[in-house]
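Everything below concerns the one structure shown next.
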There are 2 protein chains.
Amino acid sequence: MSGTIPISTTENALESRTLARRTFDSIKSDIIDGELAQGTKIVESDLALKYGISRGPLREAIHRLEQIKLIVRIPHAGSRVVTLDTRMMQDIYEAREALEGMAARLAARLMPDDEIASLSTLLDQHEAAISETEGKAYFQREGDIDFHYRIAVASQNQWILDNLNGELYQLIRMCRRQSGQIPSRAQTALSQHRQIAAAIAQRDEELAELLMRRHISGAWKIVRKILEDQHDSN
Amino acid sequence: MSGTIPISTTENALESRTLARRTFDSIKSDIIDGELAQGTKIVESDLALKYGISRGPLREAIHRLEQIKLIVRIPHAGSRVVTLDTRMMQDIYEAREALEGMAARLAARLMPDDEIASLSTLLDQHEAAISETEGKAYFQREGDIDFHYRIAVASQNQWILDNLNGELYQLIRMCRRQSGQIPSRAQTALSQHRQIAAAIAQRDEELAELLMRRHISGAWKIVRKILEDQHDSN
DNA sequence: GAAAGCATTATTGTTGACAATAATCTATTT
DNA sequence: AAATAGATTATTGTCAACAATAATGCTTTC
């Protein structure tokens, strides 16, 4: 297949102009990818050295990471990489359910016809990718986020888009990473996505919201189950 | 009446230890109260002088204000106090509807019985305050936020609580300030609050969420109407 | 007279040094 | 030996100077 699936939904591909911004991006990736392990103590001077900058911009980066909850900070006492516990993950999934449910409702109201068509095409690509890669793998996850991202955009609600994109999706990525390989949910997810897209195409706001909420709370139930099993084995 | 109504729901009354934090609080108040008008150009050196600190902590304060969307900033180009337009307000109310709807649902599931009783007492106090002050005035507004705040706490969802408290409620205050005196909605709001409290007491999650969402979308419709009228007269 | 390019200036981005705070360790006393 | 008080050290908070960037206004040319 020549037409590759758009994998990354990361916001501004245009290289960040400012040092603090670039460092923010770097550290963010390092945390999400697990290179900076959860709970790691953050020492400003050490990190500044590591990233080859002075403490000023590094501090700005840390503050921003604190805002998106990737770092927790206590005045004068220092900061650590967040530790995702079950409680926090549940909070995130609940918030996501509320926000994306609303986004789906708004998308059903506002999404232009051509974008709906394009959404359908995206799902076709996902289906093709599933049979190719046998359902598992990295692509499913990013493909999933792609779908959700498009709906968030279609909601035309900047606040919701910003919070999903800038904060919740990052944390969701970490959740998934932590819960390891999720059993092949790709087929289930795809058919749910199709249902949601259909509801949007029919301009059925109520149904679109309902289906999206079910889809997300279903995902949470599976993640929670995995976490419980992990916990039992310890 | 000796027992005063708890008016302020502002988070940490304990004086902020760090200069950046205190300055953040100061500027935040100044923006919400309108002393720093919307759209005002922010010049770091000027503000640092005004608040009697150096640019370091001031910068940190500005970055935090940017995160809660009270300030918009363009790299190298400077920053301005946010200008609330109708579009942004709608975004905020929609997000609030989704989040507080979910909070009401969770509160119906999780709120302890004694807190539910206390919620009812709060509404009694509000009723008393309404007849005293003839329905209008400052107290209604803060009383309203008090009610919503309690439900957000009862949701036991830290993410939702943080976002409502740290960001959305501030913006809502600005919206209200901008739309001027709202016609005596106190009675309507109170009876809606009572209905929501009743649904929570009955542990009816579905109804609690539904009523909360109606309550908030109703509030938005009124605010929007006022804004449209203002716009027409220009 | 208008537009384009250069120089100037105002403002933000970055740095390293200094001050203040809190955690840690040691010594002394009970 | 345990606990407390003090000193020490590591780390964050604050500052003022310097560099880089973009906006502004002037001059020059067509």
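By convention in this document, chain letters (A, B, ...) are assigned in the order of the sequence lines, proteins followed by strands, and residues within each chain are numbered from 1. Note: hydrogens, waters and symmetry copies are ignored here, and every other heavy atom, side chains too, is used. All values reported here derive from a predicted model rather than from experimental measurement.
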Nearest to side-chain heavy atoms of [X], which nucleotide of [options]:
X: A:L19; options: D:dG13, D:dA16, C:dT15; result: C:dT15
X: B:V43; options: C:dT11, C:dT14, D:dT12; result: C:dT11
X: A:E44; options: D:dT14, C:dG13, D:dT12; result: D:dT12
X: A:R55; options: C:dG13, C:dG16, C:dA17; result: C:dA17
X: A:R59; options: C:dT15, D:dT12, D:dC15; result: D:dT12

May I ask you to decide if B:E60's main-chain N or O and A:E60's side chain share a donor-acceptor pair within less than 3.5 Å?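 Checked: no pair found.
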Do any N or O atoms from the side chain of A:N157 and from the backbone of B:D91 form a donor-acceptor pair under 3.5 angstrom?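 Confirmed, A:N157 side chain pairs with B:D91 backbone.
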How long is the line joining [atom1] of [X] and [atom2] of [N], in whole Å?
X: B:L58; N: D:dT14; atom1: CG; atom2: P; result: 12 Å
X: B:Y51; N: D:dT14; atom1: OH; atom2: C1'; result: 19 Å
X: A:R73; N: D:dT11; atom1: CZ; atom2: P; result: 16 Å
X: B:H63; N: C:dT12; atom1: NE2; atom2: P; result: 11 Å
X: A:I53; N: C:dT15; atom1: CD1; atom2: C1'; result: 11 Å
X: A:R80; N: D:dT11; atom1: CZ; atom2: P; result: 12 Å
X: A:L47; N: D:dT11; atom1: CG; atom2: C1'; result: 13 Å
X: B:R22; N: D:dG13; atom1: CZ; atom2: P; result: 13 Å

Contact class for A:I42 (heavy atom, under 4.0 Å): base, sugar-phosphate, or nothing? sugar-phosphate
For A:P57, report the nucleic acid contact type (base, sugar-phosphate, nothing); a contact means any heavy atom under 4.0 Å.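 Base contact.
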Which heavy atom of [X] sits nearest to which heavy atom of [Y], and what is that distance?
X: A:I71; Y: A:I42; value: CD1-CD1, 4.2 Å
X: B:L161; Y: B:A152; value: CD1-CB, 3.7 Å
X: B:M102; Y: A:A98; value: CB-CB, 3.7 Å

Would one find a side-chain N or O of A:T18 under 4.0 angstrom from OP1 or OP2 of C:dT12?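 Result: no.
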